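For clarity, every value in this text was computed on a predicted model and none was experimentally measured. In each ligand, atom 1 is the first atom listed, and ligand 1 is the first ligand listed.
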Amino acid sequence: MRIVLLGSPGSGKGTQASCIEKEFGIPHISTGDIFRDNISRNTAIGAEAKKFIERGLLVPDSLTVSIVESRLLEEDCNEGFLLDGFPRNIAQAEALDKDLEKMGKKLDAVVNLEVSAETIIERMAGRRICSDCGESYNLCFLKPAADGICDKCGGKLYIREDDKPETVMNRLNVYKNQTFPLIDYYKGKGILISVNGEQPADKVYGDICRVLERFK
Ligand code: AP5
Ligand code: MG
């Protein structure tokens, strides 16, 4: 099963992707997570990506596409994958189509999480991430049992650098101008499936599972 999760920043892509990964046994590939991992390890990729991420801008396509290209060639992607946060503009979508064509593969579905701008801003203001295992929480919607501590591993929770209000506004603008056109791009290919992402996370997940069953 080859799936793309599409949606605005804060729409719940990461939250849903970690459940889908477990249920459907396909690797969750998040370009944002790959960049953050590189930043934390002080790699050259991390240094380059940081310049753009901290301003809420897209990392250049040349770097992003090459990272995804080599990740998709890894063995665990043979039976499928779940892309989260890629593609993020038409050029990346076209590059992905070409790469898959070369491999004799194609996308099964693009799941678009529909969430209003007001909800997005609320969710991003309350997001907290575990510094050890990366689990995502929300002070309004998905609270940890103990303040500032991860339920799963006991790690310390932190606020993502790019969740500051001024950076969030840039990210939302980038989404509107560069990523939103992908909805029509994939509609045109007949593989777009929209899900109401405004519901509680377990309900969103239930809806996604129902539509993905047929690709199992
Ligand atoms: P990335 O890490 O991909 O960030 P994003 O797309 O901006 O999305 P987020 O991770 O912020 O949100 P999400 O949709 O995963 O929501 P989440 O599940 O966390 O990218 C970061 C940066 O890297 C980009 O800005 C760019 O600079 C760079 N980058 C990445 N990919 C790139 C690419 N392809 N090309 C170029 N540059 C790239 O949920 C959000 C919050 O809401 C959480 O607190 C969560 O607990 C809560 N929540 C989730 N679902 C629900 C629900 N149903 N109800 C209530 N609360 C919920
Ligand atoms: Mg995410």
Side-chain angles (χ1 to χ4, degrees), residues 4-21 28-39 45-46 48-69 71 82-96 111-116 118-130 134-144 150-151 157-164 166-180 182 195-208:
V4 166
L5 259 186
L6 203 61
S8 139
S11 58
K13 301 184 295 298
T15 303
Q16 297 302 325
S18 51
C19 302
I20 298 168
E21 178 179 36
H28 167 204
I29 303 170
S30 154
T31 36
D33 287 349
I34 294 173
F35 289 136
R36 280 184 291 277
D37 173 56
N38 274 275
I39 292 170
I45 289 176
E48 179 64 11
K50 191 170 190 283
K51 293 191 264 177
F52 298 91
I53 293 178
E54 63 190 14
R55 287 186 284 152
L57 304 176
L58 294 188
V59 176
D61 291 342
S62 51
L63 177 60
T64 310
V65 168
S66 73
I67 287 174
V68 174
E69 275 174 351
R71 181 65 186 86
L82 172 65
L83 284 169
D84 156 8
F86 182 95
R88 239 176 165 96
N89 59 25
I90 300 284
Q92 293 182 8
E94 288 173 348
L96 177 65
V111 177
N112 178 39
L113 297 177
E114 290 184 322
V115 181
S116 67
E118 301 78 62
T119 304
I120 293 292
I121 290 168
E122 224 180 332
R123 284 187 188 173
M124 284 162 92
R127 173 163 49 189
R128 298 292 182 273
I129 310 281
C130 174
E135 185 71 12
S136 182
Y137 295 89
N138 194 286
L139 299 188
C140 306
F141 308 108
L142 296 163
K143 273 179 111 158
C150 176
D151 294 350
L157 303 185
Y158 74 100
I159 301 176
R160 231 169 77 173
E161 265 301 304
D162 58 348
D163 276 350
K164 290 178 191 142
E166 61 279 16
T167 317
V168 166
M169 292 322 289
N170 285 345
R171 287 165 64 198
L172 292 176
N173 275 333
V174 166
Y175 170 76
K176 203 169 105 200
N177 297 326
Q178 301 194 48
T179 312
F180 187 76
L182 288 177
V195 168
N196 174 7
E198 199 90 29
Q199 316 169 83
D202 56 337
K203 292 260 177 351
V204 179
Y205 182 58
D207 285 358
I208 293 177

Tell me which protein heavy atom sits closest to atom 52 (C) of ligand 1, plus the residue, atom name and distance to 0.1 Å. R123 NH2, 3.3 Å
Heavy-atom contacts under 4.0 Å between P60 and ligand 1: side chain, backbone, both, or neither? neither
Can you find an N or O of P9 that's nearer than 3.5 Å to an N or O of ligand 1? no
Set of residues satisfying salt bridge (Lys or Arg N to Asp or Glu O under 4.0 Å) with respect to K51, sequence neighbours excluded: E48
Between Q16 and ligand 1, find which residue part has any heavy-atom pair under 4.0 Å and reply side chain, backbone, both or neither. neither
Considering both backbone and side-chain atoms of A201, is one of its nitrogen or oxygen atoms within less than 3.5 Å of a nitrogen or oxygen in ligand 1? yes
Consider side-chain contact (heavy atoms from CB on, under 4.5 Å). Of L172, V115, V174, L113, which one does S8 pass it with? L172
Check this for me - ligand 1, G10, N or O atoms closer than 3.5 angstrom, yes or no? yes
Of L57, L58, D163, which is the lone residue that meets side-chain contact (heavy atoms from CB on, under 4.5 Å) with R171? D163
Looking at E54, I want to see if its CD is surrounded by more than 12 non-hydrogen atoms of other residues, nucleotides or ligands under 6.0 Å. yes
Under 4.0 Å to a heavy atom of F86 - the qualifying atoms of ligand 1, by number: 34 (N)
For the side chain of Y205 and the backbone of C19, is there at least one donor-acceptor N/O pair under 3.5 Å apart? yes
Show the atoms of ligand 1 that are less than 4.0 angstrom away from any heavy atom in F141. 55 (C), 56 (N)
I'd like to check the side-chain hydrogen bond (donor to acceptor under 3.5 Å, both in side chains) partners of S116; sequence neighbours left out, ordered by chain and number. T119, E198
Looking at atom 44 (O) of ligand 1, what's its closest protein heavy atom, distance included? Y137 O, 2.7 Å
Using distance alone, with no hydrogens and no angle criterion, decide if E114 and N196 have a side-chain donor and acceptor under 3.5 Å apart. no
Does any N/O atom on Q199 come nearer than 3.5 Å to any N/O atom on ligand 1? yes
If we only count N/O pairs under 3.5 Å, is S11 in contact with ligand 1? yes
Below 4.0 angstrom from a heavy atom of S136, which ligand 1 atoms are there? Numbered from 1 as shown, please. 19 (O), 43 (C), 44 (O), 45 (C), 46 (O)
T31 versus ligand 1: do any nitrogen or oxygen atoms come within less than 3.5 Å of each other? yes
Residue part near ligand 1, for P200, under 4.0 Å between non-hydrogen atoms: backbone
With a cut-off of 4.0 Å, which atoms of ligand 1 are near a heavy atom of Q92? 33 (C), 34 (N), 35 (N), 36 (C)
G85 versus ligand 1: do any nitrogen or oxygen atoms come within less than 3.5 Å of each other? yes
For atom 24 (C) of ligand 1, what is the closest protein heavy atom, and at what distance to 0.1 Å? R88 NH2, 3.8 Å
Taking only heavy atoms of D162 into account, list the atoms of ligand 1 that are under 4.0 Å away from them. 21 (C)
SB check K50 D162 (cutoff 4.0 Å): no
Near L57, which atoms of ligand 1 are under 4.0 Å from a heavy atom of that residue? 26 (C), 27 (O)
Contacting atoms of ligand 1, where contact means under 4.0 angstrom from a heavy atom of R160: 1 (P), 2 (O), 4 (O), 9 (P), 10 (O), 11 (O), 21 (C)
Going by the 4.0 angstrom heavy-atom rule, the piece of R171 near ligand 1 is side chain
Ligand-residue contact atoms, ligand 1 with N138, heavy atoms, under 4.0 Å: 41 (C), 42 (O), 43 (C), 44 (O), 46 (O), 47 (C)
Give yes or no for whether the N/O distance cutoff of 3.5 Å, strictly under, is met between R127 and ligand 1. yes
With N89, the side-chain hydrogen bond (donor to acceptor under 3.5 Å, both in side chains) member among T179, N177, D61: D61
Please check whether G14 reaches ligand 1 - meaning an N/O of the residue sits under 3.5 Å from an N/O of the ligand, judged on distance alone. yes
Starting from atom 37 (N) of ligand 1, what is the nearest protein heavy atom, named by residue and atom, and what distance separates them? V59 N, 3.0 Å
Which is it for T15 and ligand 1 at heavy atoms under 4.0 Å: side chain, backbone, both or neither? both
